[in-house]
Amino acid sequence: MTRQAIFPGSFDPFTVGHESIVRRALAMFDEITIAIGYNSNKQTMFSLENRKKLVADIFSDEPRIKIANYSGLTVDFAKSIGVGFILRGLRTSADFEFERAIAQINKQMTGIDTVFLLTMPEHTPINSTIVRDIIRHGGDVSIFMSKGITLSKYL
Ligand code: ADP
């Protein structure tokens, strides 16, 4: 039996914090699908296509990573591809409070469990909203991005 999980998020953009969670989780799962959630009514800085390209470039060395996009409920998407675990990162107690209710509801509704990994301390302050703000003001976000990634290629 292959152990599979999905790592859902908007990933606008995918940061080194996201990458770290996924690479660490590869020790627990045989295959991880990075599932980019999108909502056609919601404006994002990076297009869906470019968010996918960025993730594909970061994991070009890792055949156990799959990339998909979905709209609607994460658990419905997980069920549709036959995956029984959701992977999430936890940075702060605020993340925990927010994630706890969703994870418990998802479990009650579908039986799908959520597996949490605590962020590496150096990645705790990184979040995509702040990264977007820095970009908007012309700042350099390269230290928050995966090695070898030039974010302007994906804008
Ligand atoms: P969402 O759109 O659900 O807020 P994000 O794209 O911001 O999702 O993040 C997806 C997942 O990655 C979440 O579980 C989030 O907690 C985690 N995450 C976000 N930033 C970091 C980080 N800097 N370090 C580790 N995990 C992170």
Side-chain angles (χ1 to χ4, degrees), residues 5-29 31-62 64-78 83 85-107 112-155:
I6 66 166
F7 183 55
S10 38
F11 307 126
D12 187 35
F14 197 92
T15 68
V16 71
H18 296 128
E19 180 188 4
S20 165
I21 295 286
V22 171
R23 291 206 189 271
R24 288 163 62 206
L26 282 171
M28 293 186 284
F29 294 103
E31 194 176 288
I32 298 173
T33 299
I34 297 175
I36 305 178
Y38 75 95
N39 173 345
S40 48
N41 295 318
K42 213 176 132 187
Q43 194 69 30
T44 54
M45 177 174 274
F46 294 84
S47 68
L48 177 61
E49 190 194 340
N50 283 345
R51 281 180 280 160
K52 285 173 103 167
K53 240 187 244 160
L54 171 61
V55 174
D57 288 346
I58 293 168
F59 292 104
S60 58
D61 61 334
E62 187 42 87
R64 295 191 294 142
I65 296 297
K66 309 288 171 209
I67 303 162
N69 56 266
Y70 72 102
S71 56
L73 293 179
T74 302
V75 279
D76 286 343
F77 176 66
V83 169
F85 296 97
I86 294 172
L87 170 69
R88 296 286 285 176
L90 287 181
R91 287 164 292 192
T92 60
S93 53
D95 273 357
F96 172 74
E97 286 305 330
F98 177 74
E99 297 286 344
R100 176 175 56 172
I102 296 173
Q104 288 174 330
I105 295 273
N106 284 342
K107 177 68 178 170
I112 293 178
D113 266 307
T114 303
V115 174
F116 295 102
L117 277 181
L118 288 180
T119 303
M120 297 299 282
E122 64 271 29
H123 296 145
T124 300
I126 305 173
N127 86 54
S128 298
T129 306
I130 297 177
V131 167
R132 289 196 302 276
D133 273 346
I134 297 170
I135 294 170
R136 268 189 210 104
H137 293 96
D140 178 7
V141 295
S142 53
I143 59 168
F144 307 124
M145 294 295 117
S146 302
K147 262 203 201 97
I149 293 298
T150 306
L151 204 53
S152 54
K153 248 179 71 183
Y154 306 89
L155 269 168

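Along the sequence shown, residues are numbered consecutively beginning with 1.
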Would you find a donor on one side and an acceptor on the other, under 3.5 Å apart, between the side chain of [X] and the backbone of [Y]?
X    : Y    : answer
T15  : G17  : yes
R132 : F46  : no
N50  : Y154 : yes

Can you tell me how far apart [atom1] ([X]) and [atom2] ([Y]) are? Round to the nearest 0.5 Å.
X    : Y    : atom1 : atom2 : value
T74  : R88  : OG1   : CZ    : 7.0 Å
M145 : H18  : CE    : NE2   : 9.0 Å
L90  : T124 : CG    : OG1   : 10.5 Å
I32  : L87  : CD1   : CG    : 5.5 Å
D95  : F116 : CG    : CZ    : 9.5 Å
F7   : E19  : CZ    : CD    : 11.0 Å

Might you work through the side chain to side chain contact (heavy atoms under 4.5 Å, CB included) test for H123 and V16, ending with a clear yes or no?
CA-CA 8 Å; H123 296 145; V16 71; 3.8 Å; yes

List the steps and the verdict of side chain to side chain contact (heavy atoms under 4.5 Å, CB included) for E62 and V22.
CA-CA 11 Å; E62 187 42 87; V22 171; over 6 Å; no

Does any part of the side chain of [Y], heavy atoms only, come nearer than 4.5 Å to the side chain of [X], both counted from C-beta?
X   : Y   : value
R24 : S20 : yes
P13 : L54 : yes
I67 : F59 : no

Please evaluate residues M45 and L155 with respect to the criterion side chain to side chain contact (heavy atoms under 4.5 Å, CB included), reporting the C-alpha separation (whole Å), side-chain torsions for both, the decisive distance (0.1 Å), and the verdict.
CA-CA 7 Å; M45 177 174 274; L155 269 168; 3.8 Å; yes

Would I65 and L26 count as a side chain to side chain contact (heavy atoms under 4.5 Å, CB included) here? Give the steps.
CA-CA 9 Å; I65 296 297; L26 282 171; 3.9 Å; yes

Report, as yes or no, whether the 6.0 Å neighbourhood of atom [atom1] on [X] holds more than 12 heavy atoms from other residues, nucleotides or ligands.
X    : atom1 : result
E49  : CD    : no
F85  : CZ    : no
I105 : CD1   : no

Might you point out which heavy atoms bring [X] and [Y] nearest each other, and give the distance in Å?
X    : Y    : answer
R91  : I126 : NH1-O, 3.3 Å
I36  : S10  : CG2-O, 3.9 Å
F14  : V55  : CD1-CG2, 3.6 Å
P125 : I130 : O-CD1, 4.2 Å
D113 : K107 : OD2-NZ, 3.0 Å
V83  : I6   : CG1-N, 3.6 Å

If we check side chain to side chain contact (heavy atoms under 4.5 Å, CB included) with Y38, which of these qualifies: L48, D12, T44?
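Only match with Y38 under side chain to side chain contact (heavy atoms under 4.5 Å, CB included): L48.
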
